[in-house]
Amino acid sequence: MKITFIADTHHYSKTLGTSGKAYKLRSESDQKCLGETDEIIDSAFEQIAKSDTDAVFILGDVSNDGEMVSHIEFREKLYKLKESKPVYIITATHDWCCDENPRRFSGDTVSNDVEVISSSDLPDFYRDFGPAQAIDSFITKIGTICYTIQLGERVRVLCLNDDKNEKNHAGFTEDCWQWIEKQMENAQKDGCLMIGIEHHLLVPHISPLFSAKTCVADREYVASRFADAGLKYMFVGHSHLQATDSFTSEKGNTITEVNVGSLCGYPAPIVNVKVNDDDTLTYDVDHLKTLFLDGKETDALEFLAEHSTAIVNKLLACRTREDFEDRLSAFNLDGKKLGALWIIAKPILYKLDTMLAYDVYRILKLLGLAKDVSKEEAQQFRYKPLREFINEVFLSIFDGAMIPHERDSAYYKLVMAAFRAPSKILKNNNDMKMLAEAADYVMTGGEINNQHATI
């Protein structure tokens with residue numbers, strides 16, 4: 001059995017606007033694409049259709065912000081892919097615009113008069129892509145659906161919507177838990193391997209610092225309950241990271257989570273999984289290879305990397321307070337209020353934008369914070385702009401260290417000297433220690449290979 005997982009397609013209809021200052025600011029403030037999602041999804045679906053996979057699962061946030069027009073266009077793409085492969089999807093909060101902020105763009109204007117779909121309408125809208133094929137299902141308190149799919153004779157997939165628990169946080173209500181555990185019992189009784197999918201994370205990949213925004217509420221309780229029910233594997237999306245980690249409950253049961261990065265952002269991962277005879281899974285992370293933009297074939301990784309790093313580069317390139325405020329507002333921050341910091345931010349941004357990596361080494365050395373880096377090692381990057389280092393580290397966050405760095409390499413030592421500096425200055429600050437640990441994860445890829453592994 002071969003299964004393909006993709007996540008966070010965030011389809012955005014071009015009818016909502018793809019030009020003007022407002023759109024440009026929004027597009028350049030996000031790792032994922034907006035106006036190019038049409039071409040990205042078409043290219044990815046064509047690549048998947050030509051593969052030898054037996055089924056395709058999409059892990060939520062299929063639309064940009066729940067816009068009806070985006071859903072209609074995306075569903076047409078699903079029907080086309082379904083001509084070649086069985087396709088199953090789960091939905092997530094972006095699919096019913098949980099923040100009540102759908103947007104369209106025209107010139108300098110952002111408007112919210114966009115028709116969206118309700119959470120309770122999603123199961124019927126996507127009925128042909130999972131709900132109609134389910135051997136069992138459960139309707140959540142907000143009207144979304146959880147369901148179980150039988151793949152072949154001995155593989156089942158538990159497709160879960162985790163948008164709301166009793167406290168309106170990501171997770172599951174108790175009656176949903178009862179249904180989930182019954183599905184696990186049935187799978188074990190029938191001799192089937194169960195693979196789980198949901199949108200939000202059980203494990204805070206990279207660092208617990210980011211768990212509040214990426215994980216289900218009470219994540220250790222939720223992960224433990226899954227593991228103790230016998231679920232060994234969970235595939236998730238949401239964070240746009242490519243990462244794999246495990247969690248072991250107090251009872252000694254382990255669940256391994258594969259976080260699948262966003263298809264519409266760098267590096268556009270397509271995770272191909274083989275179910276082995278011993279019920280282990282072997283995954284290989286493929287990537288979108290090419291896409292057609294303006295009628296021209298484009299290298300997908302190169303384009304998506306340039307788009308993603310625009311978040312960093314455009315901010316560092318700010319030279320006026322107005323530009324600074326506009327960039328921060330595009331991040332959904334209070335740009336006008338934070339503009340008061342421009343007098344401090346201006347020289348910092350300029351230095352970060354124009355410094356060389358060797359200049360950083362000299363500063364750290366002067367402060368006694370680069371003892372692990374020799375002058376000879378630092379000089380390997382004497383003429384490398386600091387901005388390039390920042391971009392490379394930023395991309396490694398999302399690609400799961402597609403190019404891992406050994407801990408004894410000069411590159412690793414120099415980057416880690418910078419990230420360890422705050423923890424050496426603020427020795428009792430645990431967050432700064434976790435930041436350094438996060439940098440190590442980003443540089444090395446963590447304990448489990450994020451590109452290819454048997455789990």
Side-chain angles (χ1 to χ4, degrees), residues 2-19 23 26-27 30-92 94-95 104-105 114 117 122 125-126 128-130 237 240 242 260-272 284-308 310 398-399:
K2 295 180 179 179
I3 311 171
T4 294
F5 296 93
I6 57 175
D8 295 82
T9 51
H10 286 281
H11 178 59
Y12 173 84
S13 172
K14 284 183 169 62
T15 64
L16 300 170
T18 58
S19 63
Y23 171 79
R26 177 69 186 91
S27 177
D30 202 324
Q31 173 258 351
K32 67 182 187 292
C33 293
L34 281 179
E36 300 82 9
T37 55
D38 188 50
E39 291 85 353
I40 291 169
I41 295 168
D42 284 348
S43 295
F45 282 8
E46 183 178 353
Q47 189 171 316
I48 293 169
K50 293 177 180 177
S51 74
D52 63 350
T53 193
D54 296 304
V56 182
F57 287 84
I58 305 177
L59 309 178
D61 280 358
V62 298
S63 74
N64 180 57
D65 255 328
E67 311 96 345
M68 180 61 78
V69 64
S70 297
H71 277 296
I72 290 171
E73 292 176 2
F74 182 72
R75 186 172 63 175
E76 287 305 309
K77 297 178 187 298
L78 292 178
Y79 277 118
K80 185 175 181 180
L81 178 59
K82 192 179 180 184
E83 293 174 4
S84 303
K85 306 290 180 183
V87 187
Y88 310 97
I89 79 164
I90 56 172
T91 57
H94 269 269
D95 297 318
R104 63 180 179 86
F105 305 91
V114 180
I117 195 169
L122 286 167
F125 188 88
Y126 286 111
D128 292 336
F129 304 97
H240 296 197
Q242 190 62 46
V260 180
S262 170
L263 183 70
C264 67
Y266 175 86
I270 298 171
V271 180
N272 298 309
D284 287 283
V285 180
D286 197 4
H287 300 93
L288 180 62
K289 294 176 175 59
T290 60
L291 64 151
F292 283 86
L293 293 173
D294 299 323
K296 297 179 181 178
E297 189 174 38
T298 304
D299 183 287
L301 276 181
E302 186 177 307
F303 172 81
L304 292 170
E306 184 177 349
H307 175 85
S308 293
F398 296 101
D399 68 24

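What you see below is based on every heavy atom in this structure, not just the backbone, and it leaves out hydrogens, waters and symmetry mates.
Atom-to-atom distance recorded for L288:CG and I270:CD1 is 6.0 Å, nearest 0.5 angstrom. I40 CD1 to Y12 OH: the interatomic distance, rounded to the nearest 0.5 Å, is 13.5 Å. Taking CG from L291 and NZ from K296, the interatomic distance works out to 13.5 Å, rounded to the nearest 0.5 Å. How far CG of D54 is from CG of D52: 7.5 Å, rounded to the nearest 0.5 Å. The line from NZ of K14 to CD of E73 is 8.5 Å long, rounded to the nearest 0.5 Å. Between the SG atom of C264 and the NE2 atom of H240 there is a distance of 6.0 Å, given to the nearest 0.5 Å.
Here D30 pairs with K32 in a salt bridge; the nearest charged N to carboxylate O distance falls below 4.0 Å.
If you run side chain to side chain contact (heavy atoms under 4.5 Å, CB included) between T9 and each of D61, N64, I41, L59, only I41 comes through. Among K80, Q47, K77, the single residue meeting the side chain to side chain donor-acceptor pair (under 3.5 Å) criterion with D42 is K77.
Side chains of T18 and L34 form no contact here, defined as non-hydrogen atoms less than 4.5 Å apart. By the 4.5 Å heavy-atom criterion applied to side chains, Q242 and H287 are not counted as neighbours. Contact annotation: the side chain of I6 approaches that of I48 to within less than 4.5 Å [non-hydrogen atoms, C-beta and beyond]. Two residues are said to be in side-chain contact when any heavy atoms from C-beta on lie closer than 4.5 Å; L16 and F105 fail this criterion. Side-chain contact between L304 and P267: absent, with no pair of heavy atoms (C-beta onward) separated by less than 4.5 Å.
K85 places no side-chain N or O within 3.5 Å of a backbone atom of T4 that could act as its donor or acceptor partner. Side-chain atoms of T298 do not come within 3.5 Å of backbone N or O of A300 as any donor-acceptor pair. Between the side chain of H71 and the backbone N or O of D95, at least one donor-acceptor pair lies under 3.5 Å. Of the possible donor and acceptor atoms, one in the side chain of S43 sits under 3.5 Å from a partner among the backbone N and O of E39. Checking side-chain atoms of D8 against main-chain N and O of H10 turns up no donor-acceptor pair under 3.5 Å. Listed for the R75 side chain is a donor-acceptor partner under 3.5 Å among the backbone atoms of F125.
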request  = Check the pair V62, L78 against side-chain contact (heavy atoms from CB on, under 4.5 Å), reporting the backbone distance first and the verdict last.
outcome  = CA-CA 11 Å; V62 298; L78 292 178; over 6 Å; no

request  = Kindly determine whether Y126 and I58 satisfy side-chain contact (heavy atoms from CB on, under 4.5 Å), including the steps that lead there.
outcome  = CA-CA 12 Å; Y126 286 111; I58 305 177; over 6 Å; no

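Aromatic pair Y79/F129: centroids less than 6.0 angstrom apart.
Residues P269 and S262 come closest through the heavy atom pair CD-O, 3.4 Å. Of all heavy-atom pairs spanning F57 and A55, the tightest one is CE1-CB, 4.0 Å. Minimum interatomic distance between S70 and S63 (heavy atoms only, all atoms of both residues): CB-CB, 4.3 Å.
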